[in-house]
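Data first, discussion second: the structure below is written as structure tokens.
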Amino acid sequence: MLLRMSTLFLRTLREDPADAEVPSHRLLVRAGYVRRAAPGGYTWLPLGRLVLDRVTDVIRQEMLAIGDQEVLFPALLPREPYETSGRWTEYGDDIFTLKDRRGADHLLGPTHEEMFTLLVRDTFTSYRDFPVSLFQIQTKFRDEARPRGGLLRGREFLMKDAYSFDLDEAGLRAAYDRHRAAYQRIFDRLGLDYTIVSAVSGAMGGSVSEEFLAASPVGEDTFVGCTACDYAANTEAVTTPPPPARDAHSHPPAETHDTPETPTIESLVEVANARRLAGRDDWTAADTLKNVVVSVRRPGAAEPELLVVGVPGDREVDLKRLGAALSPATVTLYDWSGHTPGLVRGYIGPQVLAGLGIRYLVDPRVAPGTAWLTGANEPGRHATNVVCGRDFTPDGTVEAAEVRAGDPCPACPNGTLVMRRGIEIGHVFQLGRRYTDVFQVDVAGPDGRPVRPIMGCYGIGVSRVVAAIAEQHHDERGLVWPAAVAPCDVHLVAAGRGPQTEAASQLGAELAARGLRVLLDDRTHVSAGVKFADAELIGIPRVVVVGRRWADGYVELRDRATGDRVELTVSDLVERLGEPTREPALAR
RNA sequence: CGGGACGUGGCGCAGCUUGGUAGCGCACUUGACUGGGGGUCAAGGGGUCGUCGGUUCAAAUCCGGCCGUCCCGACCA
């Protein structure tokens, strides 16, 4: 393949586009790979299309290698299957819907669980047909509230979605492991630095789900890692090791104190120290027990339930974590505009909750036998030595407190947690029978009795992967593609006004004949400086300059990642280009 | 959905306060020079100033609605 820049549909930009904030967006637009065409929608220009195709090829190869078979569904789908699965309404505003000329409802597919399930149900009817795994690489549509970061989160994006169908749990686990391993091969080949995190907290039980997160400061997902072991998890899935239980009766009795004007933890700690409560002047927020009132609405329930959550006062309640822990119920902060009998805002203590019939869940740090400074359920009053298991008994523990860097690792004895950010590039999920139940997929088993298949689903955001690679592989001058996804293998620059352009053109043809993908900068009336700058912006791993030493029989080979330059004869160059390139260092 | 900033040739920006024939840089065209790090000179082409409405003799400029973009948060995964 030989691409000539003199005719290539490309215009690089000297300045950053004003609407681009993140590096991948900035550079992909500046270097002429993509261009915004619509809110959350991007046009792939020739160079970008090449990169996208190479990424797609890697994904397709690895999916086929594990025996998945490729299909392609329409993006325009009828309402009924999504109505049946409940997602027509559940997905809500995030789904693009439209009516046809007869007034019938349709949607633009946000993912295709329903369609795959129906396809398998209508095609395979015997246990002998299973297991089977299908995938497609297709444009998806989601009416994102806020598209951002160019390709990172669009309203239209390319996704690989795969679905496995097995007859039993063991089969599902095998399919899951197979896809997980394929994903590792894919992202390794694509040169991505990624972490696999558990996505769902164990508190839920049930389905297993892991996310592949590409490390990046612009990532939207926060996850935690361990300093000592390879533990990694979404913040929702982090568990808190409880402190050892203590004897509840080793503490002095609870005592109530006047603490006027102390509705916040900060003001309470200040007053507690000033008044030397319980003889101490070293009170900190961590000694206090903060009680937060939330409303919990269960699906189908008419009235939300009132719930009080107790966490150490130096921590906020993380509503995302609490929500995940109580899922499928939804959680909102309690709206105090409706007065609640029995609860004194700012001075809530757990001592009275049982009597009021209000459920009380605590952070695992609020272990039996721990003593706290907490509210006394009277305005301007707090109590010391309020002991868990003696003065109050929680209805259970809940992972609701925020996770912080430095917290102990739940998986090993010595590690502490660090907060990291990542771009979600892949997701593997043991779906279970949600969809086969809904669509009543039953196949004949060996004994003639119906068997209901069990599903897994596995997604990769293909266009987002391109952005993630760009995020991890660039420097201040431009993109630095890994060889596996670069639009070309060699960027051949003709520098000089002599015979170099013709010579470079012949060399380019020769390299292309040997199977290399060549981008040839054969533009005349463009200075060498401009060509070098463009080459660095475009980011092809190896740049060959046919320039002033051509007359002596030499060309220059540059390594885009390292900046190394060597002068070589053409025959040495041809030999050298046959060798694999070193992968560029990660830009972080 | 809430808060903030913004919308002027393909790209980056000025002009708006104080209303009066739309400007700069990049890119593009032509010519000359230059030719290994975004070169120089000269001459050009291209914009209903996001959109709709209002005020005014007159609106890029003042006022309002809507649309869009970016950032923060919520939501989503």
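Reminder, nothing fancy here: chain letters follow the sequence lines and each chain counts from 1.
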> On a whole-Å scale, what distance lies between the P atoms belonging to B:rC1 and B:rU61?
Replying inline: 28 Å

>> Which nucleotide, if any, forms a Watson-Crick or G-U wobble pair with B:rU69, using both distances under 3.5 Å?
In response: B:rA5

>> If the condition is salt bridge (charged side-chain N to carboxylate O under 4.0 Å, His left out), which residues does A:Asp143 pass it with, not counting sequence neighbours?
In response: A:Arg155

> In B/S/- notation, 5' to 3', how is nucleotides 67-77 of chain B contacted by protein heavy atoms closer than 4.0 Å?
Replying inline: -SSSBB-B-BB

> Under the salt bridge (charged side-chain N to carboxylate O under 4.0 Å, His left out) test, which residues partner A:Asp68, sequence neighbours left out?
Replying inline: none

> Taking the six-membered ring of A:Tyr458, is NZ or CZ of A:Arg178 closer than 6.0 Å to its centre and within 45° of its axis?
Replying inline: no

> What integer number of Å spans the P atoms of B:rC24 and B:rG44?
Replying inline: 12 Å

> Under a 3.5 Å cut-off for both distances, is B:rC62 Watson-Crick or wobble paired, and to whom?
Replying inline: B:rG54

>> Any strand counts, and the cut-off is 3.5 Å on both contacts for Watson-Crick or G-U wobble. Which nucleotide pairs with B:rU18?
In response: none

>> Roughly how many Å apart are B:rA27 and B:rC41, using the P atom of each and rounding to a whole number?
In response: 13 Å

>> Assess the residue pair A:Asp161 and A:Tyr163 against the criterion (side chain to side chain donor-acceptor pair (under 3.5 Å)); give the C-alpha distance rounded to whole Å, side-chain angles, the decisive distance to 0.1 Å, and a yes or no.
In response: CA-CA 7 Å; A:Asp161 50 330; A:Tyr163 305 86; 2.7 Å; yes

> Does B:rG46 have a Watson-Crick or wobble mate here (both distances under 3.5 Å), and if so which one?
Replying inline: none

> With the threshold set at 4.0 Å, does a side-chain nitrogen-carboxylate oxygen contact exist between A:Arg321 and A:Glu236?
Replying inline: no

>> Would you say that more than 12 heavy atoms from the other residues, nucleotides or ligands in this model lie under 6.0 Å from the OH of A:Tyr554, or not?
In response: no

>> My understanding is that only residues two or more places apart in sequence, or in another chain, count here; which of them pass side-chain hydrogen bond (donor to acceptor under 3.5 Å, both in side chains) with A:Arg79?
In response: A:Glu83, A:Asp105

> Residues in side-chain contact (heavy atoms from CB on, under 4.5 Å) with A:Thr12, at least two apart?
Replying inline: A:Leu10, A:Asp534, A:Leu537

> Quantified in whole Å, what is the C1' atom distance between nucleotide B:rG47 and nucleotide B:rU8?
Replying inline: 8 Å

> What interatomic distance, in whole Å, is found between P of B:rU21 and the corresponding atom of B:rC49?
Replying inline: 15 Å

> Can you give one letter per nucleotide of nucleotides 32-43 of chain B, going 5' to 3': B for a protein heavy atom under 4.0 Å from the base, S for sugar-phosphate only, - for none?
Replying inline: ---BBBBS----

> How far, in whole Å, is B:rU56 from B:rG19 if one measures between their C1' atoms?
Replying inline: 9 Å

>> Roughly how many Å apart are B:rG50 and B:rA60, using the P atom of each and rounding to a whole number?
In response: 10 Å

>> Would you say the rings of A:Tyr183 and A:His427 are close, in the sense that their centroids are separated by under 6.0 Å?
In response: no

>> Does atom CZ (A:Arg49) have a neighbourhood of more than 12 heavy atoms from anything else shown, all under 6.0 Å?
In response: no

> Partner of B:rA32 by Watson-Crick or G-U wobble geometry, both contacts under 3.5 Å, or none?
Replying inline: B:rU40

> If we call it a pair only when both distances are under 3.5 Å in a Watson-Crick or G-U wobble match, what pairs with B:rG12?
Replying inline: B:rC24

>> Any strand counts, and the cut-off is 3.5 Å on both contacts for Watson-Crick or G-U wobble. Which nucleotide pairs with B:rC75?
In response: none

> Quantified in whole Å, what is the P atom distance between nucleotide B:rG64 and nucleotide B:rA42?
Replying inline: 46 Å

